Asks: 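Dropping a structure here in structure tokens format, bear with me for questions.
Being a predicted model, the structure only gives us computed values, none of them experimental.
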Amino acid sequence: MTTATTASSVHYGVTATMTRNHQREGRRREDNRTMPQWQKNRRRQRKGGGTTRSTVTTTNAVPAWHPERSRNAEHQIPFDEPTPGFGSIPEALEEIKRGKFVVVLDDEDRENEGDLIGAADMMTQESMAFMIRHTSGLVCVSLEDERADALHLPLMVDAKANGDYMKTAFTVSCDMTTSTTGISAGERAATINALANDATKPTDLVRPGHVFPLRYREGGVMKRAGHTEAAVDLSRMAGRAPVGVLCEIVNDDGTGSMSRLPELKEFAKKHDLKMVLISDMIRYRRATEKNSLIERTAIARVPTEHGSFTAVSYVSKVDGIEHVAFVYGDHSTVDEIAESLKENALVRVHSECLTGDIFKSARCDCGNQLEMAMKKIANEGRGAIVYLRGQEGRGIGLGHKLRAYNLQDKGRDTVQANEDLGLPVDSREYGIGAQILNDLGVRSVRLMTNNPAKYHGLRGYGITVTGRVPLFAPITLENKTYLEAKRKKMGHLFDTESGDFESIVATAATPMS
């Protein structure tokens, strides 16, 4: 029998910490998200910097690769106060209430854009003219599912066929029946007002049109940290109808390019507009709407082969799916759990994988990662695993995952197979996981993951990622294509030096050989 190469026998780790000189504040990350780690390190070597060997941060210092690296973890901003340089959420709500716009920015590792957002029921011809002048002009209106259904506004394409990178839920476009062309500032404002007016009937609208409704994700920015959700949340919290108008701000320099933070600051200053962050909205909602997405249902001791854990179950208020956290040790109360986890806890946020976790499928590394996470936590004597159910196959479901397996057997990789089926590459969301960590009293974590997407957005829940602990499963002939696709196409971090990953793949053996 040929033994598969293991993580312990061959080094193929990634950099868990970098110096500030390697990534300067404000650097754009578009290239970094897709560039293999060994290319980044080689670039540093050409500039005179060394390649950092695989290490794991064990201090409370925020690592250089994390967006919060410039802020000391011991001096975090309170949840209900704004990030320095931005407006507060209460200030923004007052502006929305008065019918003014605010500039809303998302995470620079997400869309990295700023939208002009206002309350739909306060739109006028003048405000619409201003929005058209300073944005892309594709004016959207965010509204809740119930409202969209009542107005007979179905999705433009169904969720499976939605190829938009952020899975924005466009409905069919519309105009008021009283419109002439429907494209003027006045007529678009009238249509937007009508979408926010409870008295509007489906027959008052014609489809298609020149206003583009979007379906809001239940739970808002706590569930999906996007501008669609921010628009409804801001309008609702400001006391207006829960319908928001939004459009992307572009540069008025003849190029029409997307405005980024420096340009957005100038724009907001010039037009006396408040500028806020979605991450601050999450903090604010978190402070005023404690754990609005989840409900803790039970706590029990669960002995395992890795020692005794305390299981804490939760149910999602959005979709009813149950999730569970396994906290190391015997704890009878949440206060005891919080005391053991609050600072620098070793944490794994794990997406359910029936085939890998239960049946030990060799196609993926999920089961191996879960096992390694439990061992690491047991060895340390404290930590937690948050197990998120309903995320089978990166969110596509068990049946679709099995169909994707058939395509992979014909030569497609995990990304291509999903795309061939008309399914999203990765539709998982981690807002529920962040709220579970918050309910457990976690304030700072060393996150066990190879996937950078898992730490995006945690800052909005008052959780600081102080280090990333890689979890490297053995590479075999059965999983090598899967792992290579995750590394090259999904930004997962596996290696530090050119050739390490490839050489292991080349010598990998099947588990059955």
Asks: Is the shortest distance from a Lys or Arg side-chain nitrogen in E392 or K401 to a carboxylate oxygen in the other one below 4.0 Å?
Replies: yes
Asks: Between H227 and V104, is there a donor-acceptor pair closer than 3.5 Å when you use the side chain of the first and the backbone of the second?
Replies: yes
Asks: Hey, does the side chain of D357 reach the backbone of C353 with a donor-acceptor pair shorter than 3.5 angstrom?
Replies: yes
Asks: Only counting residues at least two apart or in another chain, list the ones meeting ring pair (Phe, Tyr, Trp, His ring centres under 6.0 Å) with F86.
Replies: none
Asks: Salt-bridge test for K97 and E94: reply yes if a basic N is under 4.0 Å from a carboxylate O, no otherwise.
Replies: no
Asks: Report the residues that fulfil side chain to side chain donor-acceptor pair (under 3.5 Å) with R188, sequence neighbours left out, ordered by chain and then residue number.
Replies: none
Asks: For K375, does its backbone N or O pair with a side-chain atom of N379 as donor and acceptor, under 3.5 Å?
Replies: yes
Asks: Can you sort out the partners of E91 under side chain to side chain donor-acceptor pair (under 3.5 Å), two or more places apart, ordered by chain and number?
Replies: S88
Asks: I'd like to know if the side chain of H152 reaches the main chain of P202, judged simply by a donor and an acceptor atom lying under 3.5 Å from each other, with no hydrogens or angles considered.
Replies: no
Asks: Indicate yes or no: does K410 engage D420 in a salt bridge with an N to O separation below 4.0 Å.
Replies: no
Asks: Under 6.0 Å between ring centres, would you say that holds for H350 and Y387?
Replies: yes
Asks: Between E380 and R446, does at least one N-O distance fall below 4.0 Å, as a salt bridge requires?
Replies: yes
Asks: Give a yes/no verdict on a cation-pi contact between R301 and F309, requiring under 6.0 Å between NZ or CZ and the six-membered ring centre and an angle within 45° of the axis.
Replies: no
Asks: Under a 3.5 Å distance rule, please check whether Y405 uses its side chain to pair with a backbone N or O of D409 as donor and acceptor.
Replies: no
Asks: Less than 4.0 angstrom from a charged side-chain N to a carboxylate O is my criterion; do R224 and E229 meet it?
Replies: yes
Asks: For the side chain of D365 and the backbone of A473, is there at least one donor-acceptor N/O pair under 3.5 Å apart?
Replies: no
